[in-house]
Asks: 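The structure under discussion is supplied below as structure tokens; questions concerning it will follow.
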Amino acid sequence: MTHPLLTQDHIDAYARDGVVLVKGLFKDQVEQLRAGVARNMAEPGPYAAENLKEGEGGRFFDDYCNWTRIPEFEAAIKASPAAAVAAELMGSRTVQMFHDHVLVKEPGTSKPTPWHQDAPYYFVEGDQTVSFWSPLDPVRQASLRCVAGSHLWEKPVLPTRWLAETSFYPDDDTYMPVPDPDAEGMDVREYAMEPGDAVAFNYKTLHGARGNDSGSRRRAFSLRLLGDDARYVERPGPTSPPFPGHEMKPGQRLREDWFPLLLDTAK
């Protein structure tokens with residue numbers, strides 16, 4: 001039976017396009033997540049970053065892998081229907097936690113989030129993956145933008161460092177250069193969103209976000225989840241997130257003591 005937040009059209013579109021809007025996924029957790037973001041910004045983790053160069057206006061804060069130390073995040077993840085919705089979108093029996101990510105663009109932050117795919121940064125490979133990007137403020141301008149069908153491209157896009165704008169790995173034939181979807185006429189999906197809505201997209205889907213030239217904050221909470229076929233893979237260099245000391249081997253499922261199962265529909 002399809003989850004009440006989904007229709008078969010959502011599931012078909014996710015497989016075909018690698019992106020779909022899920023209305024109200026975190027609607028009951030918005031205040032909880034806002035409190036978690038406030039705590040995160042007041043007490044940044046070791047991976048926290050400020051993504052603006054000198055002279056660029058506004059503030060673009062991001063941080064990830066904090067759900068185990070910020071109780072509001074853990075509670076919101078477990079109370080939300082995200083795992084059940086993820087299982088249906090991925091067509092997966094299991095849903096495993098990967099990590100959380102907070103991205104905040106304060107008013108007047110005109111810098112866009114660069115176009116990228118998440119998968120090349122990660123040490124995990126598989127078709128059954130989903131990221132949920134959920135704004136905690138109404139979004140009209142600073143929206144997430146996804147290129148439909150890009151999760152099916154033959155080559156991954158070369159990951160880059162957002163601030164330094166340098167290549168993350170050696171640029172060899174494994175990767176394609178970062179495209180310009182607007183100039184190249186690609187099918188870019190973006191949505192007007194209310195707090196708690198979520199864009200669901202595959203780790204291999206090319207995406208970015210507009211700058212925030214509005215007078216309002218744009219706080220976003222992202223949740224990255226894994227399905228049945230996700231396996232550890234080695235990359236040409238250090239991954240992001242790095243998860244030092246994980247001791248996993250290529251081809252293994254991610255260790256469940258670090259990346260717990262959120263759902264197993266067979267149980």
Side-chain angles (χ1 to χ4, degrees), residues 25-52 59-87 94-106 109 113 116 118-119 121-124 129-137 144 159 161-163 168 195-196 198-201 203 209 217-227 230 232 235 238-248 252-264:
L25 183 68
F26 294 103
K27 67 180 177 63
D28 295 331
Q29 288 78 43
V30 169
E31 291 303 327
Q32 205 167 31
L33 290 171
R34 285 173 176 168
V37 169
R39 186 193 296 263
N40 196 165
M41 296 183 77
E43 305 167 12
Y47 304 124
E50 299 284 350
N51 292 291
L52 296 179
R59 185 186 184 193
F60 181 6
F61 170 89
D62 85 285
D63 198 2
Y64 51 59
C65 302
N66 290 299
W67 71 275
T68 57
R69 73 179 187 90
I70 295 183
E72 293 91 344
F73 289 166
E74 182 173 11
I77 290 165
K78 292 181 176 178
S80 78
V85 168
T94 60
V95 177
Q96 191 172 9
M97 182 69 189
F98 189 29
H99 67 279
D100 60 283
H101 194 171
V102 165
L103 302 109
V104 179
K105 288 186 179 178
E106 299 291 4
T109 307
T113 304
H116 65 285
D118 287 341
Y121 292 89
Y122 298 165
F123 58 35
V124 67
T129 63
V130 65
S131 283
F132 292 118
W133 184 95
S134 182
L136 305 179
D137 306 284
L144 189 73
R161 293 176 177 84
W162 288 4
L163 192 58
F168 211 76
V199 178
F201 61 97
Y203 290 1
R217 307 182 79 189
R218 195 228 64 187
R219 293 165 289 181
F221 177 78
S222 286
L223 178 63
R224 281 74 188 262
L225 304 176
L226 305 165
Y232 173 74
R235 299 296 186 194
T239 59
S240 175
F243 293 108
H246 60 73
E247 298 182 343
M248 292 181 291
Q252 289 182 339
R253 289 197 66 161
L254 301 198
R255 49 186 295 178
E256 291 183 16
D257 55 339
W258 286 27
F259 308 96
L261 279 180
L262 300 180
L263 182 69
D264 185 345

Asks: Got R217 and L136 here, is their nearest side-chain heavy-atom distance under 4.5 Å?
Replies: no
Asks: Counting only N and O atoms by type, is there a donor-acceptor contact under 3.5 Å from the side chain of T109 to the main-chain atoms of R59?
Replies: yes
Asks: Which atom pair, heavy atoms only, marks the closest approach of A76 to Q32?
Replies: CA-OE1, 3.5 Å
Asks: Using every non-hydrogen atom in the two residues, find where M248 and L254 come nearest and quote the distance to one decimal.
Replies: SD-CA, 3.5 Å
Asks: Roughly how far, to the nearest 0.5 Å, is CG of L25 from CG of L223?
Replies: 8.5 Å
Asks: Would you say Y64 and R224 are linked by a side-chain donor-acceptor pair, where the criterion is simply a distance under 3.5 Å?
Replies: no
Asks: Work out which heavy atom in L52 is nearest to a heavy atom in F60; give both atom names and the distance.
Replies: CD1-N, 3.8 Å
Asks: What residues form a ring pair (Phe, Tyr, Trp, His ring centres under 6.0 Å) with F73, not counting sequence neighbours?
Replies: F221
Asks: Could you walk me through whether D118 and F201 pass the side-chain contact (heavy atoms from CB on, under 4.5 Å) test, one step at a time?
Replies: CA-CA 10 Å; D118 287 341; F201 61 97; 3.6 Å; yes
Asks: When you measure from the side chain of Q96 to the backbone of F259, do you find a donor-acceptor pair of N or O atoms at a distance under 3.5 Å?
Replies: yes
Asks: Could you tell me whether H99 and Y122 have their ring centroids closer than 6.0 angstrom?
Replies: yes
Asks: Identify all side-chain donor-acceptor contacts of residues 35-45 below 3.5 Å with residues at least two apart in sequence or on another chain.
Replies:
residue: R39; atom: NE; partner: E72; partner atom: OE1; Å: 2.9
residue: R39; atom: NE; partner: E72; partner atom: OE2; Å: 3.3
residue: R39; atom: NH2; partner: E72; partner atom: OE2; Å: 2.9
residue: N40; atom: OD1; partner: N66; partner atom: ND2; Å: 3.3
residue: N40; atom: ND2; partner: D63; partner atom: OD2; Å: 2.9

Asks: Which class fits the ring pair Y121 and H116: parallel under 30°, tilted 30 to 60°, perpendicular over 60°?
Replies: perpendicular
